[in-house]
Structure formats: C-alpha cells, structure tokens
Amino acid sequence: MALSTQPYKGARDFYPEDKRLQKYIFDKWRKISERFGYEEYDAPILEPTDLYLSKGNQEIIDEQTYTFQDRGGRSVTIRTEMTPTVSRMVAGKRQELAYPVRWYSIPNLWRYERAQRGRLREFWQYNADIFGVEGVEAEHEIVLLTDQILKAFGAKPDMYVIQLSSRKLIDELFGNYLGLDNTQKETLIRLVDRMKKLPYESFVAQADAILSPSQRDAGALDKLLELLKTTDLSQLPEGFRSSPAVLGLQQLMDMLANSMVTNAVFDITLMRGFDYYTDIVFEVSDTDPENNRSMFGGGRYDGLVGLFGVDPVPVVGIAAGDVTMQNFLESHDLLPKQRPETDVSVVLAGANTYEKAQRVLAELREAGLNVAVDITGRKLDKQIKAAVKQGVPYAIFIGDAELASGQYKLRNLSDGTEEARSLERIVSLVKDYRKNKG
RNA sequence: GCGGAGGUAGCUCAGUUGGUAGAGCGCUAGGUUGUGGUCCUGGAUGUCGCGGGUUCGAGCCCCGUCCUUCGCCCCA
C-alpha cells in the first residue's frame, strides 16, 4: 500500500510558489508592524492545557483543540491562539518591561474543526498588542496599524470596513436599558452575533424567547429591535449617549477620522463572542460577499495579564488570519506575481565545463546574485526549458569560448534577447532588474 | 457532530438505456550534435478513490468506507 501524498486534513503543504505568497504577506505584516515600533516575539507551540482552561470552558478544550498527555503525564495543548501566551509572557516580566510594550508575532495555530472557506485546522495568525496604555490612544494606534497594513497591500477603503463597538456599552444597554440579567445578556450576545446569518423573523422569535413575561410586557423586544437599527452613536437612547463607553468610542472615531481612516463605523451588532474583551472591540470585514469571515478582530482586554498573579496591565490587541487575508487579496486582485529567488540559471556547454566554470560561479555569487547551475549535462534546449519553467529571469551560457574571452552570453528568458557581456556588466544588469521587480 | 456537492491521465474535465477508457493542456522522442516559447511528426499516459454486492458484463446501479469541497454547529 502506497503512502498518501496528501497533507494532513485541514493543513497545507507550502510548495515554493505557495511559500513565496506566504512570505509576501508576512513581510508586509512585519514591515508595517516594525514601522509602528512593534517588536517580534514567539513562544512554544505547546502550552499547558491549564492556560486555556482559565477562560474557555472544558468543552472547547475537549472538542476544538489538539490536547494530549506528554510522557510525564502532563496535559498539553497545541496553541489555538496567541493571546493567553503573550499575556503569560508579559506577566512573567511584569516588573522589568518598559511600557508601553509593543509586540507582534505570526504564530501557526491549530484548532480541531471542520475545514471550510477561510478556516483551516492549521493557520497562521498575525498578532499585535500594546500593553500598558489605558487611554483610547492605544485603540487608535492598533486600528491605524491595521488600516496601514491593508493599505500596504494596495487595498482601497471600499474593499473593507472597520467595525467598532464596545463590550462595556453593550453591557449597559442590555442590562440597564433592556433590564436583562447576566444569563440573558450572554444568550442575547450570541444571538446578535449570528443575526446577519438568520432570517429576520427567526431572529425576532429567538430574541423574544430570551425575554421574561414581565420584560415582554415592558416592551423590551421593540426596544431591542429599535436599538439594533442604530448606526450612529447619536442615535443611542437618551441617558446612554454620554456614558464613558460612548465617549471613548466617539473619541476613537474622531481620532481615526483625523488620521484619514475613512471606513470605520460604529456597528452595534458587533459582539466578538463572550470572551476576555473588556471595552472597545473591533473587526475588519471584506466587502466582497464571497468572504463573509472577518479578516481582523481585536479589542481591549485589561483583565488577562492579572490572571497570572501580577498587577493587571491594560492591553489592546488585534489578530488576523492568513487564510482570510489571502482570500481578501485574491478576491480584490491584490496579489502580485511572485518570482523565484533565483536570479540566474547557468547553462553549461561542452565537456567538463562544470569544473572550469567554478571560478565564474563563485564570482557571481560573491557579487550577490542567486545562481543555480544546470548540472545535468543535457542538451542546451532542455536546460533552457527547465530554467523557463522554473520562472528564473536570466540564463548565462558558459562554454569554452566564453571562458576564453571573458564575455558571457546573458539571455533574458522572458523576451529571448541575448547579448555577450562581461561578468561585471552582467552583475549590474541583473541587480537592476531585481531592484525594479521589487 | 449534522447536511449538500464531488473523487476518471500530472492538471482541467467529458464519458449516452450498463457493452473492454476519451479530449485539451502538460510530459516525452525526433525535425535542429551551442539556444526555450510558434510549427510539424511519433510516443506514453490510468488499480475510473478504496472494499464488497447485483449482472454474462459495472466508470455508470446498490451497500459500506476514505478523501476533497461548500454550508450548519462552533468560532477563543
């Protein structure tokens, strides 16, 4: 029985052309993060299972993670997200770090789920967090960073929407305005989170079912439906418009407008699950209906670092998946053609040329060119065909005549032009080409 | 965990009421013993996902199973 050539379910092989694409995306993430003063960090792919038990429930551990016992009987889990890990790392050096701490990473994460569009079992996730800032300037910086990343890929504002809301505000509205208890709030948050997927009548019926008879008599359902139509902070019920949560959101939106971020909107239906977020939350969605999964998600989580037994640290963070990012870039035709790293394929002619050519090869490599040599000894047309198929931009011919004269034929493999040049000239021509192609 | 669609050449796919397997692209050899893409001529494509069943006979029908994909659930 032959072995299967397929990669593990929900995971991908990265052939060189796939890896090139991944490198393109990661390079942009890194470059823009570093431009904002963020430093890269990483951590082990395995964590003690306890790290994820603190907030998530046992069911998520059992059904949606890769969890197993190591040989010492410890329960370990392959990391499913980076936020608990980075919180652990900051807590571990709580006293010695210089705040604000600005960190980013691009870990691979594993979740045990059914794969579908935009969601696989193994994926890479960009994470950026700023620790130690209580003011809304932290949210502004993180959202601006996100916006700059998208613009660095060539995205136009009509290709994506930045949605903003506040968990604190939702808590006030659902609690004080609608009069719900904590269990009702939690159920309603999950329901509103799915609102766009449900037929409206179905949503209304399920919302009604959450309410108690007395809440119904008080008109809570109508108040909720009216509330969910809100598209602007000024439309919120009187008495809530000047709460700290609303003022913070308004300040953030004003700051973003001043930073030329034109597509940030208040979205009251944005919930981001029921997890560690404490106040402002945000998501970035693709406007292409094919890609209905959010690309970026984040918010403020001031309580997590304190779980490690140190004084709490305020944090705002954002994360983005590589799969949804790639879907976005493909949908909007924002992916440039990726070229191989190899600049030149050397075609050898004649007997024992490989040995005679070593000095020339060393010189080209010393000068900084990426040089592959065809060492198969086949006919020249085969050598050229292979170089073209590999996507290499140039071929250099080396044979006795060239070695004697010091003039080598440099062939441009995309248009077929060919000229004899000195090595020095070849190096500068190829370097110019590489610079222009980016 | 649940549901839809699909698995035939390296790739994209066709295959009639069940009658021994096809196209395009790609691959390969030559026309060209130091030069690719166009052109001409020849060649090889295969456990029809896998296992069983029905039948004289199965790529096609039935059962099971694995895999891919889209959605539901979930989404930290």
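Below, chain A is the first sequence line, B the second, and so on; all start at residue 1.
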Using the [atom1] atoms only, state how far [M] lies from [N], rounded to an integer number of Å.
N	M	atom1	answer
B:C73	B:C2	P	16 Å
B:G7	B:C61	P	11 Å
B:C70	B:A23	C1'	29 Å
B:G34	B:A9	C1'	35 Å
B:A5	B:A14	P	16 Å
B:A58	B:A21	P	12 Å

Would you list the protein and nucleotides 27-29 of chain B atom pairs, both N or O, that sit under 3.5 Å from each other?
residue : atom : partner : partner atom : Å
B:A29   : OP2  : A:K382  : NZ           : 3.0

Next item on the list: Would you mind telling me which of A:R434, A:K19, A:K23 makes a salt bridge (charged side-chain N to carboxylate O under 4.0 Å, His left out) with A:E341?
Entry: A:K23
Check: So what does the secondary structure string of RNA chain B come out as, 5' to 3', with Watson-Crick or wobble pairs under 3.5 angstrom, [ ] for crossing and | for pairs with another strand?
Finding: (((((((..((((.....[..)))).(((((.......))))).....(((((..]....))))))))))))....
Ignoring backbone atoms, establish whether [X] has a side-chain N or O less than 4.0 Å from OP1 or OP2 of [N].
X	N	value
A:K9	B:U68	yes
A:R79	B:A76	no
A:Q64	B:C75	no
A:K197	B:G71	no

Next item on the list: Report the relative orientation of the aromatic rings in A:Y394 and A:Y433; use parallel for angles under 30°, tilted for 30 to 60°, perpendicular for over 60°.
Entry: perpendicular
Next item on the list: Mark yes or no for whether A:S202, through its side chain, and A:L198, through its backbone, hold a donor-acceptor pair below 3.5 Å.
Entry: no
